[in-house]
Amino acid sequence: MRKLIMILSVIAAVGAVAGRAVYFNVESKESIRKVMSDYGESVVLVKVTSRQGPSTALGAVLSSDGLIVISGFGKFDSASVVLKGGVELKADYVINDTTYSLIFFKVRADELEKNKVSLKPLKTDRISTRTEVGDELITLGRTVEQLGQSLIAMKIDVVSEITAPIKAFLMSSQFSNGPAFTQDSEYVGFNTYYNIAGRPILLLIPADNLKQIIETAKNTKPQPSTSTSGDDDDDDDDDDDDDDDKE
């Protein structure tokens, strides 16, 4: 009964705060500029393809060798990381953590070498464990424009703390998934979409709670995408053989 009351309270709070999002640009106050400078290169766009079709998600770089995390459910057929400037790196599925609704991918090593690019992981040497209700945090995102990408920042409030079905913080927006930071540019955790009673909400998972699943993802062998260009080439070769037989 207590758990049901908690879930209903969360849904009511979401309805009360939905849409309260404030955007900043790079010329705004110093704390925003510092977060953008410290972590902007670690926030990337991820293109994924599933049975429902293609979509785009916001990802965070967790390691220099290409471990990426996004908020989401299920397993995707293929994924690629899109860097500023349009460079697209193929990535393989690693693991889906259903507890926190996170999906991990790994950029292929040959893609990094071929494109001569390096990835900048989130700096986790400055982690804040003092998140409280009422805090104003900063999240980063990317918008896709005709000529490339733009880095944006959003102020987002910590609305309440919940303990069921997971321990996390309810946030004041449903449109700012990804890593979150304090006004002092400290890493706080990851905002992820969570489904409660059939309704998606945005929860902040504290950084300390993510350490174990990140280590598990780092030690898990990636699974090659189910749809690759190589498969298409094989199909073409089979068609050629059939033509030869007919002749």
Side-chain angles (χ1 to χ4, degrees), residues 6 9-46 57-62 68-72 97 99-102 120-143 149-163 165-196 200-211 213-214:
M6 175 64 73
S9 297
V10 168
I11 293 175
V14 171
V17 300
R20 286 177 50 202
V22 180
Y23 288 88
F24 299 90
N25 56 36
V26 75
E27 286 79 28
S28 59
K29 63 183 183 178
E30 183 61 31
S31 59
I32 301 294
R33 290 200 299 267
K34 181 165 178 53
V35 168
M36 284 183 158
S37 175
D38 289 346
Y39 302 98
E41 292 183 42
S42 304
V43 177
V44 295
L45 287 177
V46 180
L58 183 69
V61 181
L62 299 178
I68 309 291
V69 62
I70 67 171
S71 170
D97 178 64
T99 301
Y100 296 127
S101 300
L102 298 173
K120 184 178 180 180
L122 282 175
K123 296 191 300 182
T124 56
D125 55 329
R126 299 183 63 202
I127 295 180
S128 174
T129 58
R130 305 182 303 276
T131 304
E132 298 178 353
V133 174
D135 285 353
E136 290 185 349
L137 303 180
I138 299 169
T139 63
L140 297 180
R142 289 195 175 276
T143 59
Q149 300 179 23
S150 290
L151 183 66
I152 62 172
M154 178 190 294
K155 184 178 74 174
I156 185 169
D157 299 330
V158 179
V159 176
S160 63
E161 183 175 5
I162 67 171
T163 57
I166 60 175
K167 186 175 181 180
F169 294 92
L170 175 66
M171 307 306 289
S172 63
S173 171
Q174 291 179 279
F175 308 101
S176 54
N177 62 304
F181 313 93
T182 67
Q183 302 283 332
D184 296 322
S185 197
E186 296 173 317
Y187 172 56
V188 177
F190 198 88
N191 289 324
T192 184
Y193 292 115
Y194 202 88
N195 196 315
I196 294 184
I201 63 173
L202 189 71
L203 296 181
L204 170 66
I205 311 301
D208 283 347
N209 295 19
L210 296 174
K211 288 182 178 179
I213 182 59
I214 290 176

> Hey, what do you get for CG (D38) to NZ (K120), rounding to the nearest 0.5 Å?
Replying inline: 7.0 Å

>> Is it the case that atom NZ in K167 sees more than 12 heavy atoms from other parts of the structure closer than 6.0 Å?
In response: no

> Which atom names give the shortest non-hydrogen contact between V159 and M171, and what distance separates them?
Replying inline: CG2-C, 3.8 Å

> If you look at every heavy atom in P206 and A168, which pair is closest and at what distance?
Replying inline: CD-CA, 4.5 Å

> Short question: side chain of S42, backbone of A60 - any donor-acceptor pair under 3.5 Å?
Replying inline: no

> How long is the span from the CD1 atom in I162 to the OH atom in Y194, to the nearest 0.5 Å?
Replying inline: 8.0 Å

> Per the side chain to side chain contact (heavy atoms under 4.5 Å, CB included) rule, which among V158, L137, D157, L203 passes with F169?
Replying inline: V158

>> Could you check whether any side-chain heavy atom of Y193 comes within less than 4.5 Å of a side-chain heavy atom of S101, counting everything from C-beta outward?
In response: no

> Hey, what do you get for CD1 (I68) to CG (L45), rounding to the nearest 0.5 Å?
Replying inline: 11.0 Å

>> Do I205 and I166 make a side-chain contact, defined as non-hydrogen atoms from C-beta onward lying under 4.5 Å apart?
In response: yes

>> Here's a test for you: under side chain to side chain contact (heavy atoms under 4.5 Å, CB included), which of N177, L102, V46, L58 qualifies with I70?
In response: V46

> Does any non-hydrogen side-chain atom of D208 lie less than 4.5 Å from one of T129?
Replying inline: yes

> How about K123 and Y39: do any of their side-chain heavy atoms sit closer than 4.5 Å?
Replying inline: yes

> Quick one: are D135 and T182 in side-chain contact, heavy atoms under 4.5 Å?
Replying inline: no

>> Atom CD of residue position Q183 - does it have more than 12 heavy atoms of other residues, nucleotides or ligands inside 6.0 Å?
In response: yes

> Between A180 and L204, what is the shortest heavy-atom contact and its length?
Replying inline: CB-CD1, 3.9 Å

> If you measure from OH on Y100 to CG on L210, what distance do you get to the nearest 0.5 Å?
Replying inline: 6.5 Å

